[in-house]
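Structure record follows, encoded as C-alpha cells.
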Amino acid sequence: MDFGSRERNEVEAGYVSRNDTIPRELKEPNPRLWLFIILIGIALYLIVEFPVKPIDGYIDPFYAPTVLVLPLVGLFRITCYAYRKDYHRHIFKHPLECSINNRHDSQKRGYTGETRLFRLENLHRYFLYGSILILPFFYLDIYKALAFNMAITLAAVILAVNTILVTLYLFSCHAFRHLTGGGTDCYSCKFAGRSRRSFFDVQSYLNSHHEQLAWASLLMFIFVDLYLRALSSGLNINFIILHL
Amino acid sequence: MSDLNSVSNRRITISIYRSESRSYVDYTVPLEDGMVVLDAVRYVQEFIDTTLAIRWNCKAARCGSCAAEINNMPKLMCKTRIDTLPDKIRVAPMGAFTNVSDLVTDVSENYMINRQIPEFKPDERAERPWRIAQIDVDRTKEFRKCIECFLCQDVCHVIREHKADYVGPRHVVKVASLDMHPLDTLDRSEFLNREGGLGFCNITKCCQEVCPEGIHITDNAIIQEKERAVDGDYDPLLWISRKIRHNR
Ligand code: SF4
Ligand code: SF4
Ligand code: FES
C-alpha cells in the first residue's frame with residue numbers, strides 16, 4: 001500500500017521495531033513497567049504461598065475452583081481490549097493522553113503496537129472460552145455458601161455480587177460481541193435474525209460499559225479476597241441476613 | 001436586541017500559528033455571544049491580517065474543512081465555542097499532516113489511501129431492485145456520518161508520532177462501512193491487517209475521543225475489524241477448519 005506524503009526520513013529505521021523479537025516497549029527503561037511487573041509478582045507469590053482455606057463454606061474466588069486457573073484468568077485479562085487500552089496508555093505511554101502536549105510519545109521511541117510479539121493479544125477469544133468454562137464454579141460457590149450456612153449471609157451476598165460482576169464483565173467482552181452478532185452482516189438472511197439482532201443490541205449496551213465492568217470486577221475480586229482473609233483470621237465481620 | 005456597545009467592549013486574545021514566522025501570533029478580537037473559534041479566526045483574516053490562510057466552508061460542522069488543534073486538542077474550529085475554552089486560546093494547524101500555510105494542511109494522503117480500499121462489491125445474484133432490511137443497515141449508518149475532517153487521523157499516535165504504515169482510523173471506519181453492508185461480498189479485514197497495518201492500532205481510543213460526529217471508531221469499527229482479522233489470520237481452529245474444507 002502507498003501511504004503518500006508521510007515523512008519518515010529521520011525515523012525510517014526506528015518507527016517500528018520490525019527486526020526486534022522483543023518489542024521495544026518491553027526494552028525501554030520504563031519504571032512504570034518494572035513497578036507493574038514487581039506488583040504482579042508479589043501478588044502472585046502471596047496468592048500461591050498464602051492460600052485462603054474455605055471458611056464456613058465460603059471459597060475465595062482466586063481459588064475457584066483451583067488456583068491453577070489463575071494463569072488462564074490472568075491471560076484473559078491481559079489480552080482484554082479494556083486493559084490493553086489501559087496498559088498501552090498508562091504503562092507504555094503510547095500515548096499517555098490524547099492532548100498534543102501531554103502524550104509522552106515521540107518519533108524517537110520505537111513502537112510495536114499490537115504487531116510482532118503483541119500479536120498474541122489476538123488469542124483473547126480462547127481465554128474467553130476458557131473463562132466461560134470456569135464461570136459455573138463461581139455459581140456453585142454461592143450455592144455452597146448458602147447450603148453450608150442454611151442462611152443468606154453478608155459473605156454470601158458479597159460472593160454473589162462478585163459473581164454477577166464477573167459474569168457481566170465476561171459477557172460484555174468484545175470477542176464475545178464479535179461471536180454473537182458482530183461478525184454478522186445480514187441478520188435478516190439468518191435464522192431467527194431479529195432475535196439475534198436484539199441480542200446483539202443488548203450485548204452492545206453491556207459492551208459499551210466493558211471498561212468500567214473490567215475494573216469493577218477486578219476491584220471486587222481483590223475486595224472479596226481481602227474480606228475472606230480477614231474473616232478466616234477470626235475477624236467478626238459476617239452476619240446472617242436471612243435464615244433459609 | 002443585545003446592547004451592541006457592551007458586546008463590542010468584550011475582547012479576547014487568540015494565539016494563531018503563522019507558518020512564515022513559524023511561531024504563534026496574538027490577535028485581539030471582539031467577543032460576541034455564542035462565538036466559535038472560527039468566527040474569531042475569520043475576524044482576524046478579515047480585519048487584522050488578510051494574509052492569514054485558513055480553510056472552511058460550511059461553518060456548520062458538515063464539511064470537515066476547518067479541522068485544527070485548539071488548545072492542544074484536535075477539534076473543528078466551527079464547532080468549538082469560545083465560552084467553553086479558558087482565557088488563553090491557541091490555534092494550531094493539524095500536526096500529523098504537512099503544513100501548507102498557517103492553519104491549512106495537506107490532507108491528500110487520505111484520498112490516496114481511500115482509493116486503495118477494495119470497492120463495494122455487491123452480490124450479483126441479489127434480486128433487484130435491492131431491498132435491505134432496516135436491521136441490516138443500522139450498524140453502518142453510524143459510519144456514514146463521517147465528514148472526513150481527519151481529526152482522528154491527526155490525533156492517532158501511530159500516524160502522528162510513528163509515521164507507521166497504518167491506514168488510520170478514518171479508513172478503518174470506511175472499510176467497516178463496506179464490510180458490514182449486507183449486500184457486500186468481500187471481507188476486507190485481511191487486507192486491512194496485512195497491508196493496512198491494522199495491528200499498529202493499540203486501541204487507545206484517542207480517535208474516538210476527538211471525532212466530532214461521535215462515531216465509536218474504536219469500539220464499532222476498529223475492534224470489529226480486528227476480530228474479523230483474527231478469524232482470518234490468527235484463529236488456529238478456524239484455520240484448520242478452512243484447511244479441511246479446502247481439501248475436500
Ligand atoms: S485507537 Fe487506534 S486508530 Fe484510534 S487513535 Fe488509537 S491507535 Fe489510532
Ligand atoms: S471518523 Fe470522525 S474524526 Fe474521523 S474523519 Fe470521520 S468524522 Fe472526522
Ligand atoms: S467549516 Fe465546515 S466543518 Fe467547520
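Values in this document were obtained by computation on a predicted structure and should not be read as measured data. Here is the naming used below: chain letters follow the sequence lines, and residue numbers restart at 1 for every chain.
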Validation row: [X], [Y] side chains within 4.5 angstrom (heavy atoms):
X        : Y        : value
A:Arg103 : B:Val155 : yes
B:Asn202 : A:Phe92  : no
B:Arg139 : A:Phe200 : yes
B:Val167 : A:Met1   : yes
A:Arg197 : B:Asp138 : yes
A:Tyr111 : B:Lys163 : no
A:Ile100 : B:Met73  : no
B:Arg90  : A:Asn101 : no

Is it the side chain or the backbone of [X] that comes within 4.5 Å of chain B heavy atoms, both, or neither?
X        : answer
A:Leu120 : neither
A:Arg89  : both
A:Phe118 : neither

What part of [X] gets within 4.5 angstrom of chain A, counting heavy atoms only: side chain, backbone, both, or neither?
X        : answer
B:Glu227 : both
B:Leu183 : neither
B:Cys207 : neither
B:His181 : backbone

B:Asn193 vs A:Arg119, side-chain hydrogen bond (donor to acceptor under 3.5 Å, both in side chains): CA-CA, chis, key distance, verdict: CA-CA 11 Å; B:Asn193 200 32; A:Arg119 265 182 301 185; over 6 Å; no

Tell me the closest heavy-atom pair linking [X] and [Y], and the distance in Å.
X        : Y        : result
A:Leu123 : B:Pro236 : CD2-CD, 4.4 Å
A:Phe3   : B:Tyr166 : CE2-C, 3.5 Å
A:Arg84  : B:Ile203 : CB-CD1, 3.6 Å

Stepwise side chain to side chain contact (heavy atoms under 4.5 Å, CB included) check, B:Thr218 with A:Tyr81: CA-CA 10 Å; B:Thr218 320; A:Tyr81 285 94; over 6 Å; no

B:His162 and A:His94 aromatic ring geometry - parallel, tilted or perpendicular at 30°/60° bounds: perpendicular

More than 12 heavy atoms of other residues, nucleotides or ligands under 6.0 Å from [atom1] of [X]: is that the case?
X        : atom1 : value
A:Trp34  : CH2   : yes
B:Lys121 : NZ    : no
B:Arg242 : CZ    : yes

With chain A, which of [options] has the greatest number of heavy-atom pairs at distances under 4.5 Å?
options                                : answer
B:Ile113, B:Asn220, B:Ile135, B:Asp219 : B:Ile135
B:Arg115, B:Arg160, B:Glu69            : B:Arg160
B:Val158, B:Ile159, B:Val210           : B:Ile159

Check against salt bridge (Lys or Arg N to Asp or Glu O under 4.0 Å), A:Arg125 and B:Asp231: CA-CA 10 Å; A:Arg125 56 178 65 173; B:Asp231 287 348; 2.6 Å; yes

Distance-only polar pair, side chains of A:Glu121 and B:Tyr234, donor-acceptor under 3.5 Å: no

Which of A:Ser204, A:Ser99, A:Pro95 touches chain B most, by non-hydrogen pairs under 4.5 Å: A:Pro95

Top contributor to chain B interface from A:Ala175, A:Gly113, A:Cys189 [non-hydrogen pairs under 4.5 Å]: A:Ala175

Taking atom [atom1] of [X] and atom [atom2] of [Y], what is their separation to the nearest 0.5 Å?
X        : Y        : atom1 : atom2 : answer
B:His157 : A:Arg109 : NE2   : CZ    : 10.0 Å
B:Gln208 : A:Cys98  : CD    : SG    : 10.0 Å
B:Thr204 : A:Glu97  : OG1   : CD    : 12.5 Å
B:Ile223 : A:His174 : CD1   : NE2   : 4.0 Å

Qualifying residues under side-chain hydrogen bond (donor to acceptor under 3.5 Å, both in side chains), relative to B:Lys226, sequence neighbours excluded: A:Glu114

B:Phe200/A:Thr112 under side chain to side chain contact (heavy atoms under 4.5 Å, CB included): CA gap, chis, key distance, verdict: CA-CA 7 Å; B:Phe200 284 127; A:Thr112 316; over 6 Å; no

Neighbourhood of chain B inside residues 178-186 of chain A, taking heavy atoms under 4.5 Å as contact: A:His178, A:Gly181, A:Gly182, A:Gly183, A:Thr184, A:Asp185, A:Cys186

Lys/Arg-Asp/Glu bridge criterion (N-O < 4.0 Å) met for B:Glu161, A:Lys108: no

Salt-bridge present (A:Lys190, B:Asp136; N to O < 4.0 Å): no

